[in-house]
Each structure stands twice: as C-alpha cells, then as structure tokens.
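Keep in mind that the numbers below use all heavy atoms, side chains included, and drop hydrogens, waters and symmetry copies. Computed from a predicted model, the values in this text were never measured in an experiment.
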Amino acid sequence: MVLYIWRHPKPRTAQGRCIGQTDIAVDKRKLKRLANKIERFVRLHQLPRVIWVSPLQRSLKVGQILAQRGFQCQVAPELAEINFGVWDGCLWEQITQQEIDDWCNDFAHFACDKGESLHQLFDRVEGWMKARVIENNGKRNNKPTLAVGHAGWITAAKMIADGQKVPTRASEWPRSVKYQERSRLVYL
C-alpha cells in the first residue's frame with residue numbers, strides 16, 4: 001500500500017502545550033489551504049477521491065471541506081494522535097521533571113495516567129495500515145490511500161514502514177514532520 005499522509009495545519013493554541021488528543025481549533029484559512037493542496041495533488045496524480053481523517057478537528061475539518069468538494073471522507077479513530085492522558089493539554093512546564101524523566105527512562109512503554117504508551121501507538125498505527133492493505137473482499141489494495149494525520153502518528157507510521165522498532169530512548173525519536181507537509185509511505 002502507498003500512503004500519502006498530510007500533517008494537519010498548525011493549531012491556534014498549541015504553543016508550549018503537550019498536545020495529543022486535545023481537540024484544538026485551527027484557523028479556517030489554514031484548513032482550506034491544506035484541502036486545496038490535497039485536491040490539487042489528487043487531480044494532478046489522478047488518485048481516488050477518498051480521504052481518511054482522525055476525529056480530531058484539526059484533521060477532521062480538512063476532510064469535511066474535501067467532502068463538500070466531492071471526496072468520500074472516512075473518519076478513523078485509529079488515526080488520532082497519541083493519547084497523553086492527564087498531560088494532554090497541559091503546559092509542558094506543568095508536568096514535573098520526575099514525570100518527564102520516568103517517560104524518558106521507559107520511552108517505549110511509559111504511559112501517564114489515562115494515557116497511551118508509544119508501544120500502544122505503534123500497535124494502533126500498524127493495525128490501521130494493515131487494514132488498508134487488504135480490501136473488504138479480501139484482496140490486496142493496490143490503490144493509494146490518502147489521509148490527514150498528526151505528527152506522532154505519522155512518525156510512527158514512517159518507522160513501521162521502514163521496518164524500525166518502537167524507540168526505547170527519547171533520543172531515537174525523529175524530528176516531526178512540518179505542518180501541512182505530505183509524506184509518502186510504502187507499507188507491504
């Protein structure tokens with residue numbers, strides 16, 4: 001499967017905050033700009049007009065704009081960003097140094113209260129990608145898949161597609177993709 005995935009536009013109030021599944025707004029103009037980019041890309045490459053999005057508004061609203069333009073919009077909870085639990089939405093400075101150290105010392109398996117570990121995120125991402133490879137009739141899907149996602153999700157998907165394991169140290173986590181950036185992944 002070939003996956004083209006765009007990172008959502010920059011949210012309004014994310015600066016300095018731990019943002020995972022906190023549902024924060026994005027400027028409407030930025031949402032439309034990304035929808036325009038995707039629509040042009042699809043037209044140029046004659047791709048299916050089906051877009052997968054997470055239920056978080058910074059992804060979902062791009063899909064809704066595209067749906068108004070004739071795309072089929074598929075909402076998948078599996079595409080949501082990592083769940084940071086009680087940290088989600090907090091200022092980073094509100095999270096204790098001990099909690100950050102605990103996370104860094106067990107990077108793959110640590111999950112703060114009511115949150116999700118990196119290992120759990122990788123399982124969720126890989127499960128969604130495997131489901132896209134096989135169509136409902138049990139045959140291999142040879143059509144490109146299009147999605148709007150989140151930085152952590154996209155990074156995990158890239159690592160999985162490249163055959164990499166869940167990082168055990170924070171220093172092994174790659175730099176995030178930029179807002180509205182398109183990534184191309186091949187997953188077999």
Residue list, side-chain hydrogen bond (donor to acceptor under 3.5 Å, both in side chains) with Gln98, at least two apart or on another chain: Asp102
Separation between CH2 of Trp87 and CD1 of Ile95, rounded to the nearest 0.5 Å: 5.5 Å
Side chain to side chain contact (heavy atoms under 4.5 Å, CB included) partner of Tyr4, the single match among Thr145, Leu47, Ile51: Leu47
Summary of ring-ring contact (aromatic ring centres under 6.0 Å, His included) pairs that have at least one residue in residues 49-79, sequence neighbours excluded: Trp52-Trp128
Ser59 versus His150, side-chain donor and acceptor atoms under 3.5 Å: no
Asn83 side, atom CG; Gln120 side, atom CD - distance, nearest 0.5 Å: 9.0 Å
Within one Ile-Leu-Val-Met-Phe-Trp-Tyr cluster: Ile65 and Ile24, side-chain cutoff 4.5 Å: no
Arg29: partners by side-chain hydrogen bond (donor to acceptor under 3.5 Å, both in side chains), with sequence neighbours left out: Asp27
Spatial distance of atom CZ (Arg49) from atom CZ (Arg43) [nearest 0.5 Å]: 7.5 Å
Quiz: residues 152-167 side-chain donor-acceptor pairs under 3.5 angstrom, not counting sequence neighbours:
residue: Trp153; atom: NE1; partner: Glu78; partner atom: O; Å: 2.7
residue: Thr155; atom: OG1; partner: Ala151; partner atom: O; Å: 2.9

Neighbour count >12 (heavy atoms, 6.0 Å) for atom CZ, Arg169: no
Table please: side-chain donor-acceptor pairs of residues 12-21 below 3.5 Å, with sequence neighbours left out.
residue: Arg17; atom: NH1; partner: Gly89; partner atom: O; Å: 2.8
residue: Gln21; atom: NE2; partner: Glu81; partner atom: O; Å: 2.7

Note, Phe107 side chain near Ser117 side chain (heavy atom, < 4.5 Å): no
For Glu126, all residues meeting side-chain hydrogen bond (donor to acceptor under 3.5 Å, both in side chains), sequence neighbours excluded: Tyr187
Side chain to side chain contact (heavy atoms under 4.5 Å, CB included) evaluation trace for Trp6 with Val62: CA-CA 10 Å; Trp6 287 261; Val62 176; over 6 Å; no
